[in-house]
Amino acid sequence: MFYLVCYDIVSDTRRNKVSKLLESYGLRVQKSVFECVLDEKQYESISKLLMRLVNRREDQVRFYPMSAHSRCKVAVVGTQPEFSVDDAAFIV
């Protein structure tokens with residue numbers, strides 16, 4: 001499943017840990033936004049890791065599942081990352 005993952009983390013230390021974690025699962029498209037293709041096991045794993053990293057009273061991480069139909073309607077104004085995440089592609 002393709003997810004748009006957004007976060008708002010108060011602490012610089014926690015924010016850096018969250019961004020490093022997300023970088024291992026997807027592509028950063030904005031400072032606090034990642035595009036990730038996750039299977040069910042990866043989604044569960046990243047969710048558990050994030051629960052250990054974030055302060056639930058101060059921080060927030062959101063996962064927006066996006067269908068192929070929704071993704072093709074995304075409009076971008078301004079710069080874009082050089083690579084795009086595609087759930088049909090496999091990186092080995």
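The shortest distance between side-chain heavy atoms of Glu58 and Ser11 does not fall below 4.5 Å. Put simply, the side chain of Gln42 reaches to within 4.5 Å of the side chain of Tyr25, judged on heavy atoms.
In terms of heavy-atom proximity, Cys36 sits nearest to Gly26 at SG-CA, 3.8 Å.
Residues Met51 and Leu22 do not share a hydrophobic cluster, clusters being chains of Ile/Leu/Val/Met/Phe/Trp/Tyr side chains in contact below 4.5 Å.
A side chain to side chain contact (heavy atoms under 4.5 Å, CB included) with Leu21 is found for one member of Val61, Asn16, Leu49 and no other, namely Leu49. Tested against Val18 for a side chain to side chain contact (heavy atoms under 4.5 Å, CB included), the candidates Asp59, Thr13, Leu53 yield a single pass: Leu53.
Taken from OG in Ser19 to CZ in Arg14, the straight-line distance is 13.0 Å, to the nearest 0.5 Å. Here the SG-CE distance, from Cys72 to Met66, works out to 9.0 Å after rounding to the nearest 0.5 Å. Distance check, rounded to the nearest 0.5 Å: CZ of Arg56 to CG of Leu50 gives 10.5 Å. For the atom pair Phe63 CZ and Leu38 CG, the distance stands at 6.5 Å (nearest 0.5 Å).
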Verdict with supporting geometry, Arg71 and Glu35, salt bridge (charged side-chain N to carboxylate O under 4.0 Å, His left out): CA-CA 11 Å; Arg71 289 192 341 251; Glu35 292 179 346; over 6 Å; no

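Applying the side-chain hydrogen bond (donor to acceptor under 3.5 Å, both in side chains) test to Glu44 and every residue at least two apart in sequence or in another chain returns nothing.
A donor-acceptor pair is defined here as one N or O able to donate and one able to accept, closer than 3.5 Å; such a pair exists between the side chain of Ser47 and the backbone of Tyr43.
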Side chains of residues 3-10: which donor-acceptor partners sit under 3.5 Å, not counting sequence neighbours?
from: Tyr7; atom 1: OH; to: Lys31; atom 2: O; distance (Å): 3.1

